[in-house]
Number of protein chains: 2
Amino acid sequence: MSIRDKRKLTGIPDGVIGRLPVYYRYLEELDRNDVKRISSAQLGEALEITAAQIRSDFSYFGSFGQQGYGYRVDELKKQIGAILGLSREYRMVLIGAGNIGRALANYQNFARRGFKIVAIFDSNPLLEGNYLAGCVIQPVSKLESYLKENEIDIGIIATPYEYRQELCDFLVDNGVKGIWNFSPIHLNVPEHVVVEHTHLTDNLLQLSFRLNENALISGGFDEDSQKE
Amino acid sequence: MSIRDKRKLTGIPDGVIGRLPVYYRYLEELDRNDVKRISSAQLGEALEITAAQIRSDFSYFGSFGQQGYGYRVDELKKQIGAILGLSREYRMVLIGAGNIGRALANYQNFARRGFKIVAIFDSNPLLEGNYLAGCVIQPVSKLESYLKENEIDIGIIATPYEYRQELCDFLVDNGVKGIWNFSPIHLNVPEHVVVEHTHLTDNLLQLSFRLNENALISGGFDEDSQKE
DNA sequence: TAGATTGTTAATCGATTAACAATC
DNA sequence: TAGATTGTTAATCGATTAACAATC
């Protein structure tokens with residue numbers, strides 16, 4: 001079965017999609033440090049992923065290496081970048097200029113990779129007209145006309161309580177194809193729309209669980225606490 | 001095999017751990033809205049998870065429901081909260097008072113759940129002495145003495161480039177048991193320490209990949225774009 | 001009681017890993 | 001060439017799902 005067939009029939013597993021940015025990030029770093037060549041074994045060592053898995057992940061998309069040599073860092077980085085969709089620009093609107101919204105707007109690395117925040121909206125009238133990262137903060141009432149006049153790829157939802165599902169529906173109805181959700185709620189979207197959830201609290205609760213799990217195990221099982 | 005045996009032998013699967021905070025968050029919302037009772041089918045409907053998986057997840061920890069009735073919302077919330085380790089407080093230090101660091105420090109929901117930022121450090125001398133969310137920003141040179149004098153559970157690494165692995169090692173050497181890493185690098189830690197990675201860029205790149213994957217599939221396969 | 005829904009087992013599905021022929 | 005490492009297949013492992021007896 002061809003790579004394209006496999007992809008069409010089964011889709012790319014979530015695990016693979018989750019690891020692609022990890023590879024990309026590390027390849028960027030290697031490239032910055034002028035490393036020219038890397039093997040799947042070396043990659044695996046650095047990222048705590050098995051070499052077999054790395055090769056298997058890559059094989060969903062093609063053959064990027066050379067037997068007996070490994071991978072050329074710059075080449076592999078370029079290929080994975082293309083797979084991730086980094087060869088074009090994305091226009092994003094940010095809804096919510098609170099703590100998280102401001103951090104995202106000021107973060108330079110998104111724009112550097114082609115993800116531009118082109119408009120910012122907030123329901124707080126006190127913020128209206130203020131500048132944030134070079135954008136005027138607009139009232140949410142202007143969102144609809146803005147979306148009708150501008151093609152937007154991604155909507156970032158960083159409003160803590162109000163709106164949420166309704167806001168998401170509104171963005172989708174007005175042509176936004178991707179939602180990046182920071183609000184602490186599960187959003188339902190139609191099949192053709194993509195949602196990425198970034199729930200900081202969930203991450204912290206997972207950390208909390210594992211802290212206690214570790215404590216529990218090393219409490220009960222002394223031989224385990226010896227392991228490196 | 002008892003629940004406790006199962007847990008000890010195999011550990012809890014990552015998927016389960018990842019879903020626990022999702023359940024918890026939704027139960028909080030139900031509780032706020034005075035919902036008293038919920039079935040695994042209803043939970044699954046709202047969260048796009050199968051009912052069987054939800055019941056299977058819960059069964060790693062015990063039996064919290066009643067046949068023919070379902071789950072009492074307040075009770076289940078309490079139980080999952082306890083499993084997540086929310087019955088005690090956690091003391092956290094924040095390293096890095098940049099965009100993300102400031103957003104985290106100002107975010108009220110961590111403290112509300114028992115996760116307190118008790119000290120903030122930054123390597124930028126211009127920030128030294130400024131207040132952030134009620135904490136003085138201290139120079140990183142004071143971190144060592146601070147950790148020796150105070151028991152800290154979690155270190156939040158929100159420094160974009162400098163330090164990173166070295167900083168992580170330093171925190172671990174000084175007794176920190178959990179690391180919440182926002183820097184764009186993979187951190188290696190000893191077995192007894194827990195790392196949680198929150199890489200915002202990775203989330204955005206995953207969204208980017210899926211946007212293109214969807215476009216690709218509906219481009220090639222018109223019958224697919226008909227699906228709801 | 002009858003109806004509903006849990007907790008758990010067995011079956012299925014999918015992802016990871018080990019192994020190795022291909023080949024640079 | 002000999003050595004190294006890929007890409008891929010088959011084997012293994014683990015997670016999800018379907019089904020249902022137990023029982024509230």
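Just so we're on the same page: letters track the sequence lines, and every chain starts at 1.
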Using OP1 and OP2 only, check whether a side-chain N or O of [X] sits under 4.0 Å from [N].
X	N	value
Ser56(B)	dT16(D)	no
Thr50(B)	dT17(D)	yes
Ser40(A)	dT6(D)	yes

Nucleotide paired to dT16(C) in any strand shown, Watson-Crick or G-U, under 3.5 Å
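With both distances under 3.5 Å, dT16(C) matches dA11(D).
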Base paired to dC24(C) (Watson-Crick or G-U; both N/O distances under 3.5 angstrom)
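Its partner is dG3(D) (Watson-Crick or G-U wobble, both distances under 3.5 Å).
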Quickly work out the [X] [atom1] to [N] [atom2] distance and round it to whole Å.
X	N	atom1	atom2	result
Ile54(A)	dT5(D)	CD1	C1'	13 Å
Tyr60(B)	dG7(C)	OH	P	15 Å
Asp57(A)	dG7(D)	CG	C1'	13 Å
Gln53(B)	dA19(D)	CD	P	17 Å
Tyr69(B)	dT5(C)	OH	P	11 Å
Ile38(A)	dA4(D)	CD1	C1'	15 Å
Arg37(B)	dT6(C)	CZ	C1'	12 Å
Arg55(B)	dT6(C)	CZ	C1'	6 Å

Counting only side-chain heavy atoms from C-beta out, which of [options] sits nearest to [X]?
X	options	result
Ser39(A)	dT17(D), dT6(D), dT17(C)	dT6(D)
Gln67(A)	dC24(D), dG7(D), dT5(D)	dT5(D)
Ser59(A)	dT8(D), dT6(D), dG7(C)	dT8(D)
Ser63(B)	dG7(C), dT16(D), dT16(C)	dG7(C)
Pro13(B)	dT17(D), dA15(D), dT23(D)	dA15(D)

Starting at the 5' end of DNA chain C and moving along, which residue's nearest nucleotide shows up first, Val16(A) or Gly68(A)?
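First, find each residue's nearest nucleotide; the 5'-ward one identifies Val16(A).
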If you find the nucleotide of DNA chain C closest to Gln66(A) and the one closest to Ile49(A), which residue's nucleotide is nearer the 5' end?
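Result of the comparison: Ile49(A).
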Are any non-hydrogen side-chain atoms of Arg25(A) and Asp202(B) less than 4.5 angstrom apart?
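Answer yes - side chains close enough.
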What's Phe58(A) touching, base or sugar-phosphate or nothing? Going by heavy atoms closer than 4.0 Å.
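No contact.
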Is Gly15(B) touching bases, backbone alone, or none of the nucleic acid, heavy atoms closer than 4.0 Å?
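Contact class for Gly15(B): none.
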Any donor-acceptor pair under 3.5 Å linking the side-chain atoms of Ser183(B) with those of Arg164(B)?
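Arg164(B) vs Ser183(B): no donor-acceptor pair found between side chains.
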Is it the case that the side chains of Asn181(B) and Glu196(B) hold a donor-acceptor pair, with the cut-off being a distance below 3.5 Å and no angle test?
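No, no side-chain donor-acceptor contact under 3.5 Å.
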Compute the ring centroids of Tyr90(A) and Phe110(A), then answer whether they are less than 6.0 Å apart.
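No: the rings miss the under 6.0 Å criterion.
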Decide if the gap between the ring center of Phe115(B) and the ring center of Trp180(B) is smaller than 6.0 angstrom.
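Ring-ring flag for Phe115(B)/Trp180(B): false, centres at least 6.0 Å apart.
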Axial cation check for Tyr71(A) ring with Arg37(A), 6.0 Å and 45° limits:
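No, a cation-pi geometry is absent between Arg37(A) and Tyr71(A).
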